[in-house]
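First comes the structure, then the notes that go with it.
Letters A, B, ... are given to chains in the order of the sequence lines, protein chains preceding strands, and every chain is numbered from 1.
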Amino acid sequence: MAGDTGHTAHAPFTSRALEIIRAIPRGKVSSYGQVAAMAGHPGSARQVVRILHTLSDSAHLPWHRVINILGGISLPEGGGLELQKRLLESEGVKVSKDGRIDLDRHAWSPR
DNA sequence: GCCATGGCTAGTA
DNA sequence: GCCATGGCTAGTA
């Protein structure tokens, strides 16, 4: 297609959300709502969920760095929870026994 | 129609 | 717990 950059074409919000997710550094986490707000659509957290769900495999995303606003992992047991926890811990993010991440310590606040 | 949310409320302790 | 929210996409015509 004309103008194709070599990347899959995405809608503007999706492209921005993808960039933001890719920018989350190791050892830090963000929330669905934070990514949505940074992409210019506060309140569209569920859209970020959908993006992660459908594009994590193909888009080279650090998907495990996105958690819910409570500091918890939203993936279900047997459906990725364990993997996400393991990936986070491998980057130095401690996940407590009740599945919580210390946001004071690990929340990403870009500058 | 999808989706791995988030914010608010009722109802308990 | 409940349920309103919302940009996008698959799939049909």
Heavy atoms only, 4.0 Å cut-off, all strands: where does [X] land among base, sugar-phosphate and nothing?
| X | value |
| --- | --- |
| A:Leu75 | base |
| A:Ser56 | base |
| A:Thr54 | nothing |
| A:Tyr32 | base |

Rounded off to whole Å, could you give me the [atom1]-to-[atom2] distance for the [X] and [N] pair?
| X | N | atom1 | atom2 | value |
| --- | --- | --- | --- | --- |
| A:Leu18 | C:dC8 | CG | P | 11 Å |
| A:Ile73 | B:dT5 | CD1 | P | 13 Å |
| A:Trp63 | B:dC3 | CH2 | P | 17 Å |
| A:His41 | B:dT5 | NE2 | C1' | 17 Å |
| A:Leu88 | B:dA4 | CG | C1' | 13 Å |
| A:Leu52 | B:dC2 | CG | P | 19 Å |
| A:Ile51 | B:dC3 | CD1 | C1' | 11 Å |
| A:Leu70 | B:dC8 | CG | P | 13 Å |

Side chain of [X]: nearest nucleotide among [options]?
| X | options | answer |
| --- | --- | --- |
| A:Phe13 | C:dC8, B:dC3, B:dT5 | C:dC8 |
| A:Pro12 | C:dC8, B:dA4, B:dG6 | C:dC8 |
| A:Ala45 | B:dG6, B:dA4, C:dT9 | B:dG6 |
| A:Arg46 | C:dG7, B:dG6, B:dT5 | B:dT5 |

Whether the side chain of [X] engages the backbone of [Y] through a donor-acceptor N/O pair (distance < 3.5 Å, no angle test) should be reported.
| X | Y | value |
| --- | --- | --- |
| A:Arg105 | A:Val93 | no |
| A:Ser96 | A:Arg100 | yes |
| A:Thr54 | A:Arg50 | yes |
| A:Gln34 | A:Val29 | no |

First encountered from the 5' end of DNA chain C, between A:Leu55 and A:Ser44:
A:Ser44

Toward the 5' end of DNA chain B, which comes first, A:Arg50 or A:Ser31, by nearest nucleotide?
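The residue mapped nearer the 5' terminus is A:Arg50.
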
Assuming nearest nucleotide by heavy-atom distance, tell me which of A:Gln47 and A:Asn68 is located more 5' along DNA chain B.
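In this pair, the answer is A:Gln47.
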
Test side-chain hydrogen bond (donor to acceptor under 3.5 Å, both in side chains) applied to A:His64 and A:Glu91, A:Arg86, A:Gln84, the passing residue
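The passing option is A:Glu91.
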
If we call it a pair only when both distances are under 3.5 Å in a Watson-Crick or G-U wobble match, what pairs with B:dC3?
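B:dC3 is paired, partner C:dG6.
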
